[in-house]
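Working notes for the structure below.
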Protein chains: 2
Amino acid sequence: MKLETLTIGDNQDVQSSIISRIRDLINYKNLEPGDKLPSERMLSDKFEVSRSNVREAIQKLEFYGLLKSIPQSGTFVANIGVIAMNGMIDDILRLDKPDFKSLVETRILLELKSVRLAALRRTEEDLIHMKQTLDAYSEKVRNNEDAVQEDLLFHLAIAKASGNSTMNTFMLTITPEIITNFEKYHVCDDNQAQLGIIEHEDIYEAIKLKNPKLAKEKMKIHFKALYQYCYSI
Amino acid sequence: MKLETLTIGDNQDVQSSIISRIRDLINYKNLEPGDKLPSERMLSDKFEVSRSNVREAIQKLEFYGLLKSIPQSGTFVANIGVIAMNGMIDDILRLDKPDFKSLVETRILLELKSVRLAALRRTEEDLIHMKQTLDAYSEKVRNNEDAVQEDLLFHLAIAKASGNSTMNTFMLTITPEIITNFEKYHVCDDNQAQLGIIEHEDIYEAIKLKNPKLAKEKMKIHFKALYQYCYSI
DNA sequence: CGCTGTTGTTTGGTAAACCAATTTGTAGAA
DNA sequence: TTCTACAAATTGGTTTACCAAACAACAGCG
């Protein structure tokens with residue numbers, strides 16, 4: 001397990017290294033938008049890494065719109081200025097490991113908005129889905145089992161009901177990290193879980209009533225402990 | 001170009017198909033947390049696709065914390081209930097193509113929060129960086145050049161100054177999509193760009209003054225046109 | 001009968017080979 | 001000299017082959 005995370009870390013480091021060296025290359029050669037980068041084979045020779053690594057790095061930069069690969073032709077600098085390029089690459093390199101505090105802060109922001117939208121836009125299907133996750137959570141808590149995942153699932157159901165696919169995506173993205181870190185730091189304890197049932201039901205009822213203001217208030221109450229955690233460190 | 005997007009679409013479809021078939025397999029075989037999936041080779045035979053495709057699909061599910069690959073051992077179902085598994089996979093399958101409206105809605109939410117945080121937390125370095133992007137934007141607009149990317153860069157600088165790495169990540173994630181769609185739909189026209197200079201400077205000054213309330217107000221003004229676009233369709 | 005050392009198989013991970021499309025260089029004709 | 005036709009090299013993408021580690025089965029010893 002330890003070794004595994006180490007190798008993963010190494011791989012990430014290799015990829016980050018390649019990205020920064022591509023950035024240096026673009027700067028050194030004064031490549032402008034539309035210019036062609038050296039081929040993947042040449043880059044892998046130059047950087048002394050495998051072509052797979054180079055490809056992964058390029059694909060990552062392509063995802064953020066900085067490069068554009070064209071089959072049987074080459075990889076090109078996107079239509080973006082040199083300052084922009086450098087800034088975004090620096091950001092990309094830095095943002096690999098989000099700290100838990102910013103994760104929680106962002107989660108609170110997303111949830112307070114999505115619960116409002118859910119109260120405005122929820123369908124009957126959404127209600128049914130939320131009720132299912134609510135019951136699953138309650139059952140786990142009553143059996144004194146760990147219910148972190150069922151907890152998150154209720155919140156994901158809200159995000160889905162918000163009708164905003166981007167927020168839904170973001171919630172899904174941070175959920176695994178949240179689960180991992182919660183279990184690591186043991187943020188929630190048992191009596192909080194008992195309280196959580198009531199708070200979840202309150203949120204559910206507010207959404208059912210299509211009352212966005214009430215829903216947001218109940219969510220704020222639910223996040224009270226999280227707030228304290230977030231702004232105490 | 002047309003063909004290229006088609007093949008990309010096909011690849012995405014293949015991957016989505018594999019993900020849903022993996023879900024079906026887990027349901028059909030009643031696999032529980034910790035159980036082992038068939039090997040990648042068996043899955044690629046069974047699904048009649050290449051092992052690369054299977055690997056990509058598994059890696060995607062691994063990213064969302066639903067599966068766990070262990071080298072020289074196998075791929076295992078993560079510690080998550082069957083309801084959670086199905087729900088999250090359905091979400092993942094659905095959220096591949098975020099609509100532009102939800103993208104803009106989420107961007108407004110993130111920016112209104114991050115501009116507040118930036119006003120509270122910005123360092124002198126952040127100010128310098130923001131000023132650079134501000135000047136780059138102004139220069140492009142004065143030369144009557146397209147300045148969508150420089151516009152976004154100013155906003156990314158604010159996100160960086162917010163000191164929240166997760167929001168920074170999210171802004172980076174949606175920025176390419178925003179750029180693409182803005183250029184496609186021509187949301188901004190020229191006089192708006194002229195206005196944008198003043199509005200950007202107002203936001204910058206508010207952050208410089210460390211006035212979060214003012215900063216948020218100025219950002220709201222800047223987003224007025226976006227608001228209308230977002231809630232008019 | 002039970003434990004242990006060994007060997008063969010299976011696994012995810014990785015590098016190399018292959019492919020089709022594109023570009024580039026060149027030779028020849030007008 | 002210039003344009004065109006053709007071939008050879010280059011490219012990103014894909015498939016295949018290989019690897020070391022982990023696991024399972026079994027033979028041999030106590």
Side-chain angles (χ1 to χ4, degrees), chain A residues 1-19 21-22 25-26 29 31 34-78, chain B residues 1-19 21-22 25-26 29 31 34-78:
Chain A
M1 177 68 91
K2 182 73 172 299
L3 184 134
E4 177 197 354
T5 52
L6 276 179
T7 53
I8 288 177
D10 284 351
N11 279 355
Q12 287 291 52
D13 287 347
V14 168
Q15 193 183 103
S16 296
S17 162
I18 295 174
I19 289 178
R21 292 177 78 171
I22 289 178
L25 189 76
I26 292 175
K29 292 206 173 185
L31 296 186
D35 287 350
K36 202 175 93 168
L37 260 65
S39 71
E40 296 178 351
R41 289 171 182 81
M42 287 183 62
L43 288 178
S44 67
D45 281 354
K46 193 182 188 72
F47 297 160
E48 292 178 337
V49 295
S50 74
R51 192 155 86 98
S52 312
N53 291 128
V54 173
R55 282 181 59 77
E56 285 171 21
I58 288 177
Q59 280 172 8
K60 187 163 187 176
L61 293 177
E62 205 176 348
F63 171 79
Y64 287 107
L66 299 182
L67 298 180
K68 175 70 182 168
S69 278
I70 297 179
Q72 284 79 42
S73 178
T75 304
F76 299 85
V77 179
Chain B
M1 178 67 91
K2 182 74 172 298
L3 183 135
E4 177 195 354
T5 50
L6 274 179
T7 53
I8 287 177
D10 284 351
N11 278 356
Q12 288 290 53
D13 287 348
V14 169
Q15 191 183 103
S16 295
S17 161
I18 295 174
I19 289 178
R21 292 177 78 171
I22 288 178
L25 188 75
I26 292 175
K29 291 205 174 186
L31 297 185
D35 287 351
K36 202 176 93 168
L37 259 65
S39 71
E40 297 178 351
R41 289 171 181 82
M42 286 183 63
L43 287 178
S44 66
D45 281 353
K46 193 182 188 75
F47 297 160
E48 290 177 340
V49 295
S50 73
R51 190 155 87 98
S52 313
N53 291 130
V54 173
R55 280 181 61 77
E56 284 170 22
I58 288 177
Q59 280 172 6
K60 187 163 187 175
L61 293 178
E62 204 176 348
F63 170 79
Y64 288 106
L66 299 181
L67 297 180
K68 176 72 183 165
S69 277
I70 295 179
Q72 284 79 40
S73 178
T75 304
F76 300 85
V77 178

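Here is how names work: the chains are called A, B, and so on, in the same order as the sequence lines, proteins then strands, and each is numbered from 1.
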When the side chains of residues 45-52 of chain B are checked against the rest of the protein, which donor-acceptor pairs come out under 3.5 Å, sequence neighbours left out?
{"from": "B:S50", "atom 1": "OG", "to": "B:N53", "atom 2": "N", "distance (Å)": "3.3"}
{"from": "B:S50", "atom 1": "OG", "to": "B:N53", "atom 2": "OD1", "distance (Å)": "2.9"}
{"from": "B:R51", "atom 1": "NH1", "to": "B:E40", "atom 2": "OE1", "distance (Å)": "2.7"}

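The shortest heavy-atom contact between A:V77 and A:L67 is CA-CD2, 4.1 Å. Nearest heavy-atom pair across B:P38 and B:M42 is CB-CB, 4.2 Å. Summarising the geometry of B:V54 relative to B:I18, their closest heavy-atom pair is N-CD1, 4.0 Å, with the distance given to 0.1 Å.
Residues meeting the side-chain hydrogen bond (donor to acceptor under 3.5 Å, both in side chains) test with A:T75, sequence neighbours left out: A:S69. Scored by the side chain to side chain contact (heavy atoms under 4.5 Å, CB included) test, A:S73 finds A:I70, A:F76 as partners (sequence neighbours excluded).
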Where do B:I26 and B:D35 land on the side-chain contact (heavy atoms from CB on, under 4.5 Å) test, with the steps shown first? CA-CA 9 Å; B:I26 292 175; B:D35 287 351; over 6 Å; no
Summarise how protein sits on nucleotides 10-19 of chain D as a single string, 5' to 3': B when a protein heavy atom is under 4.0 Å from the base, S for sugar-phosphate-only contact, - for no contact. -BBBBB-BB-
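End-to-end axis angle for the helix from C:dC1-D:dG30 to C:dA30-D:dT1, using five pairs per end and rounding to 10°, comes out at 20°.
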